[in-house]
Amino acid sequence: MSGGHATIDLVGNSAGALRDSQLQGALGRLSALRQLRAAAVAEVPEWETLRVAAAAAKDHALTHLDTHLVQLEARITALGGMVHWAADGEAARRIITGLARDRGVRSVVKSKSMVTEEIHLNAAFEAAGIKVVETDLGEYVCQLADEPPSHLIAPIIHKSVESVSELFTEKLGAPRTDVPEQLNRVARTALRAEFLAADMGISGVNFAIAETGTVVVVENEGNARLCTTRPRVHVALMGIEKVLPRLADLGVLLRLLARSATGQRASVYVSLITGPRRSGETDGPEEFHLVILDNGRTRLLADPQLRESLRCIRCGACLNVCPVYERVGGHAYEAVYSGPIGAVITPSLEGLDRAGELPFASSLCGACAEVCPVKIDIPRMLIEQRHRAVRGGFAGRLDRLFARGWTFVMSSPARLGFFGGVGRLFQRVLVRRGRIDRLPYPFAGWTAHRTAPPLAATPFRAWWKTGRRTARP
Ligand code: SF4
């Protein structure tokens with residue numbers, strides 16, 4: 001247990017997800033996202049150069065984070081905005097609900113933001129008696145269904161059109177339809193009234209530019225633009241890692257983000273917000289507040305093995321290619337950040353005692369690192385987190401037992417030779433037509449849906465000693 005949170009039961013959740021035929025059908029849509037990304041990337045011959053430049057820009061920003069954050073604060077303050085520092089989620093919730101209470105805010109509209117999910121901001125508003133409405137279509141559906149999002153950029157990838165229609169009928173009294181455009185219209189009509197009534201708009205931040213004091217919000221629906229301009233107060237919440245030193249860095253990252261996330265050449269709306277409304281301007285909020293959140297990020301920053309994870313621009317591409325995520329979906333991870341990058345950062349943000357199983361939810365195939373636009377070496381960090389989980393005693397019992405046995409066998413050539421011989425002897429009863437199609441417990445899961453190759457008749461080392469004159473049997 002950690003902070004009162006139960007340990008994540010990834011294995012149990014996965015078993016349930018695999019049995020859920022509606023979920024399995026919905027997750028099939030991930031292949032469309034993969035194809036869109038691949039086509040969009042193929043159009044850019046300098047893609048690799050962009051990735052290298054983006055990784056370097058993020059690394060540079062992280063190395064000088066202290067300077068850039070202070071510069072960002074100074075610029076925003078000079079523009080008439082206010083900057084607040086939050087060490088953890090509780091502090092951020094207190095600051096934001098305090099701002100709302102002090103200003104007599106009764107209703108809040110929110111655009112899509114994973115960091116607000118991370119700090120459970122909606123629950124804090126509700127506890128304070130303030131109405132809060134999600135305005136991104138997917139997030140709105142999640143709020144009506146009382147479910148967390150299951151993907152970084154596609155919050156309801158786990159839901160079918162039919163289930164959304166059912167929900168709109170139940171919660172909004174809308175007629176049943178399986179036409180997505182009609183469902184969009186229902187949500188748009190309901191949300192328009194909320195935008196007009198809201199006193200405060202909340203957004204996340206995709207990037208913040210230190211030299212200009214600008215926060216950048218990227219979206220496709222236009223709801224974030226309404227949240228950040230229509231209400232009289234705009235509060236933006238960002239993790240410390242979002243800051244970039246110069247506006248010049250932004251172009252590279254925006255190109256990578258849109259193509260990696262949704263396969264678009266550019267996102268539909270990119271809002272650059274530089275302070276509150278100035279005199280003579282016709283729109284924009286009267287007040288602009290930026291809340292800068294740590295919540296475990298400085299721990300990652302100080303960790304040479306995991307620091308690279310702070311480069312993440314939350315594009316979701318690593319989720320879309322992950323064979324584990326594709327089978328079990330985001331809710332199985334029981335964490336705000338799911339998929340490969342979630343399996344790296346959640347154990348650091350929430351503790352290995354709670355999330356020690358997550359780094360094991362990977363085949364280490366490397367697909368995530370291949371698509372990551374900022375070249376994060378996710379498999380290396382998953383292995384590092386596995387080491388830490390095993391050393392700390394937080395890995396699953398079976399994983400620990402297996403790791404110990406593997407270390408025992410592999411750390412001595414004599415033991416490897418002996419157990420290899422034993423394996424070759426026992427597999428005689430298991431091999432059928434050159435393959436092993438049924439392993440006994442606890443390895444039965446490996447052969448439940450596929451066959452395994454048998455151990456070679458001649459061990460590799462014995463063959464090597466022959467001078468490799470013969471083909472290996
Ligand atoms: S780790 Fe890379 S691929 Fe995954 S969400 Fe972050 S930036 Fe995208």
Side-chain angles (χ1 to χ4, degrees), residues 30 33-38 40-41 44 47-48 50-59 61-62 112-115 117-118 138 149-155 157 204-207 216 218-219 238-244 249-250 252-264 267 297 300-301 303 305-326 329-330 333 335-349 358-359 361-385:
L30 286 169
L33 280 173
R34 286 198 295 271
Q35 283 164 15
L36 286 169
R37 178 202 163 271
V41 169
V44 185
W47 186 254
E48 275 311 304
L50 289 177
R51 287 177 81 205
V52 172
K58 287 293 286 186
D59 280 349
L62 290 169
K112 178 170 163 18
S113 147
M114 293 309 289
V115 71
E117 297 287 338
E118 178 185 327
S150 68
H151 188 284
L152 289 175
I153 56 142
I157 190 86
V205 173
N206 289 93
F207 308 100
V216 182
V218 180
E219 51 149 348
M238 70 171 232
I240 55 170
E241 80 280 14
K242 298 285 181 181
V243 71
L244 295 171
D249 299 320
L250 185 63
V252 174
L253 285 155
L254 285 178
R255 284 182 78 190
L256 289 166
L257 176 58
R259 288 177 192 259
S260 301
T262 46
Q264 292 167 284
S267 303
R297 287 163 173 78
L300 279 172
L301 192 67
D303 187 329
Q305 298 298 330
L306 303 178
R307 165 185 247 211
E308 200 179 313
S309 63
L310 289 173
R311 284 187 205 151
C312 179
I313 56 172
R314 309 277 189 256
C315 71
C318 59
L319 280 63
N320 302 341
V321 296
C322 176
V324 175
Y325 181 92
E326 185 172 28
Y333 293 76
V336 173
Y337 304 108
S338 58
I341 189 64
V344 169
I345 61 175
T346 307
S348 288
L349 297 179
L358 294 188
S362 169
S363 62
L364 299 180
C365 66
C368 47
E370 265 172 40
V371 296
C372 178
V374 283
K375 293 183 84 73
I376 299 176
D377 191 349
I378 299 173
R380 179 188 63 72
M381 288 187 288
L382 285 171
I383 293 170
E384 173 62 25
Q385 289 287 39

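Counting starts at 1 for both ligands and their atoms, in listed order.
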**Student:** When you look for heavy atoms under 4.0 Å from ligand 1, do you find them on the side chain of Leu152, its backbone, both, or neither?
**Tutor:** side chain

**Student:** Look at atom 8 (Fe) of ligand 1 and say which protein heavy atom is nearest, naming residue and atom and giving the distance to 0.1 Å.
**Tutor:** Cys315 SG, 2.3 Å

**Student:** For the side chain to side chain donor-acceptor pair (under 3.5 Å) test, which of Lys375, Lys58, Arg380 pairs with Glu308?
**Tutor:**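 With Glu308 as partner, side chain to side chain donor-acceptor pair (under 3.5 Å) holds for just one option, Arg380.
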
**Student:** In a check of side-chain contact (heavy atoms from CB on, under 4.5 Å) between Val218 and each of Leu257, Val205, Leu253, which one passes?
**Tutor:** Leu257

**Student:** Main chain of Asp59, side chain of Arg311: is a donor-acceptor contact present, judged purely on distance under 3.5 Å?
**Tutor:**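 Here the side-chain-to-backbone pair does not exist.
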
**Student:** Please name the pair of heavy atoms, one in Ala317 and one in Arg37, separated by the smallest distance, quoted to 0.1 Å.
**Tutor:** CB-CD, 4.2 Å

**Student:** For atom 5 (S) of ligand 1, find the nearest protein heavy atom and state the residue, atom name and distance (0.1 Å precision).
**Tutor:** Gly316 N, 3.3 Å

**Student:** Where does Ile313 meet ligand 1, judged by heavy-atom distances below 4.0 Å: at the side chain, the backbone, both, or neither?
**Tutor:**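 Contact part for Ile313 vs ligand 1: both backbone and side chain.
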
**Student:** Using every non-hydrogen atom in the two residues, find where Lys242 and Cys312 come nearest and quote the distance to one decimal.
**Tutor:**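 Nearest heavy atoms, Lys242 then Cys312: NZ-O, 4.3 Å.
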
**Student:** I need the atoms of ligand 1 closer than 4.0 Å to a non-hydrogen atom of Ile341, numbered in the order shown.
**Tutor:**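 Once the distances to Ile341 are compared, the set is 1 (S).
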
**Student:** Tell me the contacting part of Val371 for ligand 1: side chain, backbone, both, or neither, using a 4.0 Å heavy-atom threshold, strictly below.
**Tutor:** neither

**Student:** Are Tyr337 and Glu117 linked by a side-chain donor-acceptor pair shorter than 3.5 Å?
**Tutor:**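 No.
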
**Student:** Shortest non-hydrogen contact from Arg51 to Ala369?
**Tutor:** NH2-O, 3.0 Å

**Student:** Which atoms of ligand 1 are found less than 4.0 Å from any heavy atom of Ile376?
**Tutor:** 1 (S)

**Student:** Under 3.5 Å, is there a donor-acceptor pair between the side chain of Arg307 and the main chain of Leu301?
**Tutor:**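 Side chain of Arg307 to backbone of Leu301, a donor-acceptor pair under 3.5 Å: yes, one is there.
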
**Student:** Return yes when at least one N/O/S atom of Cys312 is nearer than 2.8 Å to atom 6 (Fe) of ligand 1, and no when none is.
**Tutor:**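 A backbone or side-chain N, O or S atom of Cys312 is under 2.8 Å from atom 6 (Fe) of ligand 1.
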
**Student:** Which of these, Ala54, Cys372, Pro373, has its nearest heavy atom closest to atom 2 (Fe) of ligand 1?
**Tutor:**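 Closest candidate by heavy-atom distance is Cys372.
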
**Student:** Could you list the atoms of ligand 1 found under 4.0 angstrom from a heavy atom of Ile378?
**Tutor:**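 So the atoms of ligand 1 that pass are 1 (S).
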
**Student:** At less than 4.0 angstrom from any non-hydrogen atom of Cys318, what atoms of ligand 1 do you find?
**Tutor:**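 Per the distance check, 1 (S), 3 (S), 4 (Fe), 5 (S).
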
